[in-house]
Every structure is written in C-alpha cells, then in structure tokens.
Amino acid sequence: MAECALNLASSPPALSANLRISPTRFSPLRRILPLTSPSVAGKPLFCSHLHRRNSVLSTNSSRSQFRTKSSMAEKVTGISKAEVKVYDSEEELAVALAKYTADLSEKFCKERDAFTVVVSGGSLIKSLRKLVEPPYIDSIDWSKWHVFWVDERVVPKDHPDSNYLLAYDGFLSKIPIPAGHVYAINDALSAEAAADDYETCLRHLVKSKILDISKESGFPKFDVMLLGMGPDGHVASLFPGHPLVHEKEKWVTFIKDSPKPPPNRITFTFPVINSSANIALAIVGAGKADVVHKSLGDDKSSDLLPVQMVSPEGELVWFLDKDAALKL
C-alpha cells in the first residue's frame, strides 16, 4: 500500500532487461533533506494510520548431538525445528547466509510472487553483504522483495542509532529494490504512535495479499526473518526480564525504557516473530559465546532468554561463527 510504504523520490528507471539500476538505486535517504518531515517530493516517507492485536508462543531448548564436518559443524537441537550451523569464520557465515536468503527468495517469488523479509540491526546487516555481490546482486529478483524491521529505534532516519540508516548504508542503497517496498517507521511520531502506525501498515499489507497471515496463530507470517542477538540474549527489542517478552495481543509494540540506549523503540512481538515461515539467527563473536552456550548447551535454567523463545512455525537456523560457538 502506497500510504504504508517508505516512498521517497521516484525509483530510478531500469537501465536494462535485468533491472540493473544506477548506483544511486534506491535513494530515499538524501542527507540534506529533513528526514523527520512526513513527506519528500509529495510522497509519504513512512507508514501511516493506527491499530493493534493477537497471541504468543515460547519454547524450551535442549541439547543433542554435535558433529563436525570440515569447516562447518551442524547440530540438531531440541528447539522446535532448529538447526545450528557453525562456520570457521564470519566470512564463511556471510557466504552461507547469502545463499540461504537467495534460495528462499527464489522459492517464495515463484510461489507467491513476493518475498517478505524482516531484518534487525547490529552485526546482521554486515553479514548480509554477500547478497549485494555477484552472483546474487544479478540473480535475485529484487522487485519482489518487501523489507521490514523487526525493531527500530525511534530516532530520525539519519541518526547514527537508526536501524534504517544501518540497513540503507550497508544493504538497501546497493540493491535495485523499489522504494515503495521498504517499510520504515514514521520517526515523527512518539514510540507508542509509531508502533500503532507500523502495525496498521502490516494490516494493510495483509489485506492486499502482500503479507501472509498464519492459519495457526492469526498473526502476520513473514517469509523470512534475518535476526541477530545481543550479548544479553535479547532479540528485536525484547530484553531479558522485560514484560514485553510476554506480550500476547499486539503485532507491534513500543518500549520507552530499553536497557540498551536509545530508550525509545518499537518492536515486533513474539507472536509475530514466531509466526514466521523461516528465521535465521546470525551470531558472531566470542562475546556472545556464553549466551549461545546457555541457549544451546547443557544449561537447564528455567529462566528463558528471549533468544530461547524464538520458535517459528517454520524452520529455524542458527548461523554461528566458531567464536560464538566456542563453548558448545
């Protein structure tokens, strides 16, 4: 829906049959523009309207086998339909993550003529860099992609803390995705209003059949969520011990007391996250090894970390580099 989409300036024209577009490509972020303005060139910058609703899942994790296979290890866990893959380096992880994403893109573009992709911030965006290189930059049908954020900081889009800016600089500015297929928050609103606004945007997309709805849960069903994890085990802006991890009704909610700055954010809830057809958790670095071990190892604690509550209807794959998997 045009009123829900981030639509800044016209998309550049295709230069050839394979839709290679000039380096400016998707160019919503013109640094000289006041990005808190509700429109640029007469077109909406972000989602608009308001709403909410629906229910949640959580799961336990347990340990099973760990088998090594040259530079990659695989592990099947007790987490619902989860697989863990360990790579010798972050570079190898990025290569594998690109293939995983490209394969899903091809599958869903054929099945439903659209591919709904949710991304997080942090190191995840860096790990997507192989998608903007050959062969994927040319082979993926970017015109079918629809990109969303699992969470966002309520700051202007040109602010260093913005997940949108991180994704734009590292990914979106390098692919020929239609501007109207990128769904950023309305950063001119309060955190609460921005969350309601984003949920309304999702509801419009469900009505227009761009976004599926889960027959099991009644929540929106994204084709894939590409997520990272914080060193405390948080995913999205769902933090350990925070009441929002138990939200069961809303699709999108807000937080004003985030343990990690900035304090004001919006976030998808677990019912939405866990309605996904596919989720990839990309986790790198020794600083996250303790949490990875708690999540996938022998820890029998009854207090689940948010990352342990990720349990999609479809498939869950953990992409770890060897440093993150150090203590498994």
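Numbers for residues simply follow the sequence, beginning at 1.
Considering only heavy atoms from C-beta on, Glu199 comes within 4.5 Å of Lys250 through its side chain. In this structure the side chain of Pro306 never reaches within 4.5 angstrom of the side chain of Phe239, judged on heavy atoms. Using a 4.5 Å heavy-atom cutoff, the side chains of Thr253 and Thr267 are in contact. A 4.5 Å side-chain heavy-atom check between Pro240 and His234 finds at least one atom pair inside the cut-off.
For the pair Asp290 and Lys294, the salt-bridge criterion is not met [side-chain N within less than 4.0 Å of a carboxylate O]. With salt bridges taken as basic N to acidic carboxylate O contacts below 4.0 Å, one links Lys157 and Asp187. For the pair Glu111 and Lys107, the salt-bridge criterion is met [side-chain N within less than 4.0 Å of a carboxylate O]. Using a cut-off of 4.0 Å between Lys/Arg side-chain N and Asp/Glu carboxylate O, Glu91 and Lys130 are scored as salt-bridged. For Arg265 and Glu152, the salt-bridge test fails: no basic side-chain N is under 4.0 Å from an acidic carboxylate O.
When all heavy atoms of Asp169 and Lys174 are compared, the pair lying nearest together is O-CE, 3.5 Å. Minimum interatomic distance between Ser120 and Ile125 (heavy atoms only, all atoms of both residues): O-CD1, 3.6 Å. Nearest heavy atom pair, residue Ala98 against residue Tyr136, reads CB-CE1, 3.7 Å. Of all heavy-atom pairs between Leu305 and Asp232, the closest is CD2-O, 3.6 Å. Contact between Leu124 and Ala282 at its shortest, heavy atoms only, is CD2-CB, 3.9 Å.
Residues Ser276 and Glu313 bring no donor and acceptor atom of their side chains to less than 3.5 Å of each other. Using a 3.5 Å distance cut-off with no hydrogens or angles, the side chains of Ser105 and Trp145 do pair a donor with an acceptor. There is no side-chain donor-acceptor pair under 3.5 Å between Ser311 and Asn274.
Ring geometry, His146 versus His181: the interplanar angle falls under 30°, so the pair is classed parallel (tilted spans 30 to 60°). A parallel orientation is assigned to the rings of Tyr164 and Tyr168, their planes being inclined by less than 30° (bins at 30° and 60°). Ring-plane geometry between Tyr183 and Phe148 is classed as parallel, the angle between the planes falling under 30 degrees on a 0 to 90 degree scale with a further cut at 60.
Under the ring pair (Phe, Tyr, Trp, His ring centres under 6.0 Å) rule, Phe268 has a single partner from Phe254, Phe219, Trp251, Phe222, which is Phe222. The only option from Ile283, Leu296, Val292 that meets the side chain to side chain contact (heavy atoms under 4.5 Å, CB included) definition with Val84 turns out to be Leu296.
With Arg112 contributing its side chain and Cys109 its backbone, the two residues share no donor-acceptor pair below 3.5 Å.
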